[in-house]
There are 4 protein chains.
Amino acid sequence: MKKKFTEKQIHILNVAEKLIAKKGFEGTSVRDISTNANINVAMISYYFGSKEKMMSYLYRYRVQKTRESFAEFAEIIREGKPEMQMKELIKYVVNQLFKFNYFHGFVTQELRHTEHLKEDLLGFYTTFTSKIDDVIKKGVASGIFTNAPKPEDILTLIVGSSLFVIRNKNFYELYVSGPEENYFEEAEKKVMANVLVTVFSLLGYHAD
Amino acid sequence: MKKKFTEKQIHILNVAEKLIAKKGFEGTSVRDISTNANINVAMISYYFGSKEKMMSYLYRYRVQKTRESFAEFAEIIREGKPEMQMKELIKYVVNQLFKFNYFHGFVTQELRHTEHLKEDLLGFYTTFTSKIDDVIKKGVASGIFTNAPKPEDILTLIVGSSLFVIRNKNFYELYVSGPEENYFEEAEKKVMANVLVTVFSLLGYHAD
Amino acid sequence: MKKKFTEKQIHILNVAEKLIAKKGFEGTSVRDISTNANINVAMISYYFGSKEKMMSYLYRYRVQKTRESFAEFAEIIREGKPEMQMKELIKYVVNQLFKFNYFHGFVTQELRHTEHLKEDLLGFYTTFTSKIDDVIKKGVASGIFTNAPKPEDILTLIVGSSLFVIRNKNFYELYVSGPEENYFEEAEKKVMANVLVTVFSLLGYHAD
Amino acid sequence: MKKKFTEKQIHILNVAEKLIAKKGFEGTSVRDISTNANINVAMISYYFGSKEKMMSYLYRYRVQKTRESFAEFAEIIREGKPEMQMKELIKYVVNQLFKFNYFHGFVTQELRHTEHLKEDLLGFYTTFTSKIDDVIKKGVASGIFTNAPKPEDILTLIVGSSLFVIRNKNFYELYVSGPEENYFEEAEKKVMANVLVTVFSLLGYHAD
DNA sequence: AATGAATGAGCGTTCATTCAT
DNA sequence: CATGAATGAACGCTCATTCAT
């Protein structure tokens, strides 16, 4: 977790991340990466020990960034009302998923022999779930929410919907307006709206 | 679609499907497949032209089966009430996703240079969405549903939640009771209940 | 031991043997071998599993041949007089060493991580030593030999001298007549004579 | 020969010598050496030009030491009787071989494209042979030796036997008493005795 | 004078595919 | 129709060496 990377290493990680998200871990060769990153093939082994280890570093690097970002964000919304907090939580996580969709794309698919790495993502998910739980409880206590759905199911709904839309562009774009190159932008808006409506419906929230 | 397979070919496809689901497309070698299927290594190229083409056939084969199965199913529920039809639709698709989760796992991730293949899955999704739309409209017309959410968002919610739960076992199992080996069974129940509640909440449905 | 090789495999082994004897195991690449043997690089792994395993096969193949040949030879001289037997034993082993000098060259040098393979050569050496012992005992019993040197020291002397001459051409050729290309032929004669004189001197043998 | 080494270079050579003796020239990487010698990996090329050249220097360094040592030794025994001189010569060379056995191990096997380096060893061998010749002639002249074997054959016998015993531990240890870790010590004694008996037998020497 | 970073070549091996029968 | 043998390309990695400082 404490590992610090040089700029060059981060550059390689960024290139690798995109390629792996697109073509999978096995489908991406170190030569692919080195060519795209304009470095020598030997550098991947030189910097990270091996392709597999690079993957670990990449993974931890990205999750770490995500968790740091979330911690900051959580601080900001600490004082708000439950309905506002919930809205911000949803907006935050949907936005993050669209921002790093390629990362989440390979995280759940490709990390086969390194199951333990998922622990980090798990940590993020549980932190997030716990935060949702707090907000629900607070809202129910204050009477603004009339139902108390399970927080893990709220997370499932938010993340599941977002990733589905990210990964099934050719389906969802049928229902999204605007030019194709704006798909992710527009899809984010649409799924965000959908998720917000859905969650607040489940919470039995009715604006005054 | 028109392609007919011999028994031997179907046998190979079945073996390949399981291996690919477990180890990914790139992670599965033709030698793996041929060894497990007790055939000669040259047979994959011989029968299907190439590994990639075999993949296409496999994909089409599975989607075709799914669509046939859905057509049958749709017929069965044709006469019911909207709330029953919606419930059955949800149960059907969630069940299918869990049944062929390994297949759906690689569909959206591993198929490269074969973008057109997604058309088949797209066909299934749109058919399904259209069916959902019919049911919503019918329910709204009869007054049993008070809201009319977008059908594509309903599908997104159902499929997204199911796939998330399938792919993030180590997160969702924290909230699922029973031994680990029953995870998929129990997770299916839990996510099914969640999805049902969510969709009917969105529909503004209230049982008498 | 029972492993049978195809002609092509034997061809590869022969090429590999010569190269390895000349440049060492690590110094000989599979591409070297494949080029010299006019085969594809992949064949070494294909036929033998790996370069290392090829080495094992090569070793066993050569030792096996040597032991078979010795068994035949031992049979032939079974009935002779001790002095004749000893002479033939020496001639036989010196001749074998010169014939397969490249093999013996790498056997004792390069087999680092496969120590157990030496067992086979050990078997040959002990068989040979035991045979020498028999002859010495018989000769001493009959009074034709007046001394009974240790058989392992006789073997050491014979094999050590031969290998030294083989491996130190640039020294020994100073004392060998004839053109350079006949070195091994002439050196064999010279070292053979030397070894015979030495051993019989040690045995205290005096021709009538 | 004229090359003078700094302390650091000598340190590297010593480390390299031991590693190469253990793992062979190709089996020893410059990283191995630099790690063991606590120097930067670039230093081998920096100091010696290349790994191969370092090898040459190492070789010359060792042979040079050996020749210097022999020159000293030769001086010491200059005045003795032939039988004593011969005995001391044998003891000296056998002892040297055991002392630097790892060095002699790779000399004849690993040095490629550097055939000229053998000249140095050749020089040592011829010097030694010439010395043996002197002693034989003197002994024959004085009547203490009744035969005059060829000096190169005497050298062959001494060096060949010693190296054989060094390189074929697993054979010779069957006939050597004491714990395995004392093998070289005990083997040296045994082969020394054998060589002495053999040479004096060939010389037709009989102690009064 | 010395070093850490970086390089290009080569390593043994495995891959999907094609060939010869 | 089917197969075992064989292929060339590509794989991840390590090598001795060179570069920039």
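These numbers were taken from a predicted model, which means no experiment stands behind them. So you know, we letter chains A, B, ... as the sequences are listed, proteins then strands, and number each from 1.
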Tell me the interatomic distance from [X], atom [atom1], to [N], atom [atom2], rounded to whole angstroms.
{"X": "B/I12", "N": "F/dT3", "atom1": "CD1", "atom2": "C1'", "answer": "13 Å"}
{"X": "A/E26", "N": "E/dA16", "atom1": "CD", "atom2": "P", "answer": "11 Å"}
{"X": "B/Y47", "N": "F/dT3", "atom1": "OH", "atom2": "C1'", "answer": "11 Å"}
{"X": "C/I39", "N": "E/dG12", "atom1": "CD1", "atom2": "C1'", "answer": "13 Å"}
{"X": "C/K23", "N": "E/dG10", "atom1": "NZ", "atom2": "C1'", "answer": "13 Å"}
{"X": "B/N38", "N": "F/dA2", "atom1": "CG", "atom2": "P", "answer": "15 Å"}
{"X": "C/M54", "N": "E/dC11", "atom1": "CE", "atom2": "P", "answer": "14 Å"}
{"X": "A/I33", "N": "F/dG12", "atom1": "CD1", "atom2": "P", "answer": "8 Å"}

List the steps, then state whether side-chain contact (heavy atoms from CB on, under 4.5 Å) holds for D/V15 with D/I12.
CA-CA 5 Å; D/V15 170; D/I12 295 171; 5.8 Å; no
Looking at A/T35, A/I33, A/N14, which one forms a side-chain contact (heavy atoms from CB on, under 4.5 Å) with A/L19?
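Among A/T35, A/I33, A/N14, the one that satisfies the side-chain contact (heavy atoms from CB on, under 4.5 Å) with A/L19 is A/I33.
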Restricting both atoms to N or O, compile the protein contacts to nucleotides 17-21 of chain F shorter than 3.5 Å, with distance only.
from	atom 1	to	atom 2	distance (Å)
F/dT17	OP2	D/K51	N	2.6

Assign D/S34 to base, sugar-phosphate, or nothing according to its heavy-atom contacts below 4.0 angstrom with the strands shown.
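Result for D/S34 = nothing.
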Using a heavy-atom cut-off of under 4.0 Å over every strand shown, decide if D/T6 touches base, sugar-phosphate, or nothing.
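Contact class for D/T6: none.
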Under a 3.5 Å cutoff on both atom distances, Watson-Crick or G-U, what's the dot-bracket for DNA chain F ([ ] crossing, | other strand)?
.||||||||||||||||||||
Taking the side chain as every heavy atom from C-beta outward, state whether [X] and [Y] have any atom pair closer than 4.5 Å.
{"X": "B/I44", "Y": "B/I39", "result": "yes"}
{"X": "B/E17", "Y": "B/L13", "result": "no"}
{"X": "A/K51", "Y": "A/F25", "result": "yes"}

Parallel, tilted or perpendicular for D/Y61 and D/F5, by the 30°/60° rule?
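Taking D/F5 first and then D/Y61, their aromatic rings stand perpendicular (interplane angle over 60°).
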Considering residues, nucleotides and ligands other than A/E68, do more than 12 of their heavy atoms fall under 6.0 Å from its CD?
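Yes, CD of A/E68 has more than 12 neighbouring heavy atoms, counting only those of other groups under 6.0 Å.
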Full working for side-chain contact (heavy atoms from CB on, under 4.5 Å) between C/F48 and C/M55
CA-CA 9 Å; C/F48 304 106; C/M55 189 72 178; over 6 Å; no
Identify whether NZ of Lys or CZ of Arg in D/K53 sits under 6.0 Å from the centre of the six-membered ring of D/Y47 and within 45° of that ring's axis.
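No; the conditions do not both hold, so D/K53 does not lie above the ring face of D/Y47.
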Do any side-chain nitrogens or oxygens of C/K8 fall under 4.0 Å of OP1 or OP2 in F/dA6?
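So the side-chain polar atoms of C/K8 do come within 4.0 Å of the phosphate oxygens OP1 or OP2 of F/dA6, strictly under.
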